[in-house]
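Counting starts at 1 for both ligands and their atoms, in listed order.
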Amino acid sequence: MQITHVVYDVVVLGAGSTGSVVATRASEDPNKQVCLIESGPDYGDSSNLPDDLVNPYKNSLVDHDWEHSYQPTAERENIQFPRGRVTGGSSAVNTTIALRGIPEDYDHWADLGNSEWSWSNVLPSFIRLERDLDFGSEKYHGDAGPIAIRRHPWSELTASHQAWWETARNLGIPDCDDHNHPDSFGAGAQPMNRIGRLRISTALAYLGAARGRPNLTIQSDTHIRRLIIKKRKVTSVEIQTSDGQVKEIHAKLFVLSTGAIQTPGVLRRSGIGRPDDIEAMGLDLVAQVDGVGHNLQDHPMIALTCELVDPTLALPDMPLIQTVMRYTANDSKHRNDLQIELTSWTQRDDIPSSFALLGVLEHTYGSGSVLTQSSDPLAQPVINSLFCEDDRDASRLTQSLEDCLQFTRSKPLSELISKVSSNSQEVDKLDIEELTSLVRRYAKSGYHPCGTAKMGLSTDPESVVDQYGRSHAIEGLVIADASIIPQIPRANTNLTSIMIGERIGEWIRTDSASYGL
Ligand SMILES: Cc1cc2nc3c(=O)[nH]c(=O)nc-3n(C[C@H](O)[C@H](O)[C@H](O)COP(=O)(O)OP(=O)(O)OC[C@H]3O[C@@H](n4cnc5c(N)ncnc54)[C@H](O)[C@@H]3O)c2cc1C
């Protein structure tokens, strides 16, 4: 094994939504040598990007993907679980929905012992990360940040999104002009981080500006194998380059940003986790940290497929998402715990022309796990989402399915639809028990995994890091990605992941001593 002789101040492991931002903010201090390591390729600026990363109208699910699979519910076989493998990470392949959680989400994180993450504390970071092209002058918005955000005006909405929104109005749902307003509620245009046909990933928005800095090294096509820990301190990271060479890189501080699915695997391969989990891999336990890989949270969703009278209404070059409805389940304590979205088209070989209504559960009680069964750094994790095992989750997602059905029966949307089904089952005549069992079987991921290395007080045995991202158990180790989220926010998770990078990157730059720098 070769050992590189450069000693960095900070090595950021994983260049996704959060890691790219941490590296950008930390390297604003010219006196800090920062290295950013990424398993996937790095294409530089937008002129070199392949089309799947440029085109924000559909997700890139194959060319820059980790090929993970997951079991959504106990009754299902494994299905694909996409994650981006490229600089920008999942922000480089995603749907570009740029939605903030609501104030109660972050105030709840603070109540769990993470006072730095209250709404009043995170709002300045949400403001700083965005250039909101519609509401930038509002006091709760920014107009000068790296991530450009806009909403499709009515004239740009497809005929089906216009019909969906009119139907919401007819059902008595209020309009919501700005879903990133702290009091947002109702139906309206989805805020999106795309400009025309360009997806604004963190690789473009953040690394684009930072990559010329002499103190920032971006090392792509480099796989992180494990952390090397001596006397409960990380001394180096073991990496594997694309030609198969294994090397060590040394630094004073390591920031693990490999995302909620890969972060538990890197920790366990380094001997950090539950004793049983580590021993099952044939490794020695370095530190018992029970939360690693557990507390997996996500947004379960159920799809209602709508076959269309006019096949030209759903074409795959239309933007997949344009609108959203945020609302609250009956008798729920949690505002905006449900969403309904319309996808402009569905990719189904058996149905020539269709769109889908998605009922999405935004606040969940249940959780799943990410298991690591092998010490091989390239082995796939085992992901069990365990969606809707908690009755409160199953009943609210069923309610959302019923609300989606109500949309399909109401004008003007109903006039576009010839047939409705869910997971190839006719649903129109199903009673509530039958709808609930369909939801328990077919709920699937919204692709928002988080919580697998959650932050919290050291007295909480399930918490992995403190509220500054610092490992409770190991010195010189910070975790900064969606895995540290203690409770999933009621919004798609990209903007929150970027916000986490803004805060931890800024703390590393301005309060270096508390990170041992
Ligand atoms: C298809 C899809 C659609 C989505 N749509 C939306 C959306 O529209 N809006 C929204 O808000 N959210 C969306 N999300 C979720 C959102 O993108 C994620 O929540 C967010 O990107 C998570 O950020 P992260 O930094 O935690 O992880 P990631 O962005 O996934 O970053 C992890 C990085 O680490 C790298 N990495 C992992 N393991 C290793 C290793 N061993 N060695 C080296 N590098 C490694 C990965 O390649 C990746 O670059 C979507 C996700 C997907 C996959």
Side-chain heavy-atom pair Ser220, Pro41 within 4.5 angstrom cut-off: no
Neighbour list for ligand 1 [protein residues, heavy atom under 4.0 Å]: Gly14, Ala15, Gly16, Ser17, Thr18, Glu38, Ser39, Asn59, Leu61, Trp66, Pro82, Arg83, Gly84, Arg85, Val86, Gly89, Ser90, Ser91, Asn94, Thr95, Thr96, Ile97, Thr222, His223, Ile224, Ser257, Thr258, Gly259, Gln262, Tyr447, His448, Asp481, Ala482, Asn492, Thr493, Asn494, Ser497
Side-chain donor-acceptor contact under 3.5 Å, Ser236 with Glu248: yes
Salt-bridge contact Glu238-Arg269 (side-chain N to carboxylate O under 4.0 Å): no
Test of ring centre spacing under 6.0 Å for His64 and Tyr43: yes
Aromatic plane relationship, Tyr365 with His334 - under 30° parallel, 30 to 60° tilted, over 60° perpendicular: perpendicular
Can I get a per-line list of side-chain donor-acceptor pairs under 3.5 Å for residues 191-205, giving both atom names and the distance, sequence neighbours left out?
| residue | atom | partner | partner atom | Å |
| --- | --- | --- | --- | --- |
| Asn193 | ND2 | Ile200 | O | 3.0 |
| Arg194 | NH1 | Pro56 | O | 3.4 |
| Arg194 | NH1 | Thr96 | OG1 | 3.3 |
| Arg194 | NH2 | His152 | NE2 | 2.8 |
| Arg194 | NH2 | Ile321 | O | 2.9 |
| Arg197 | NH2 | Asp317 | O | 3.3 |
| Arg199 | NE | Asn94 | O | 2.8 |
| Arg199 | NH1 | Asp52 | O | 3.2 |
| Arg199 | NH1 | Leu53 | O | 2.9 |
| Arg199 | NH1 | Ala92 | O | 3.1 |
| Arg199 | NH2 | Asn55 | O | 3.1 |
| Arg199 | NH2 | Lys58 | O | 3.0 |
| Arg199 | NH2 | Asn94 | O | 3.0 |
| Ser201 | OG | Ala203 | N | 3.2 |
| Ser201 | OG | Leu204 | N | 3.2 |
| Thr202 | OG1 | Gly16 | O | 3.1 |
| Thr202 | OG1 | Ser91 | OG | 3.3 |

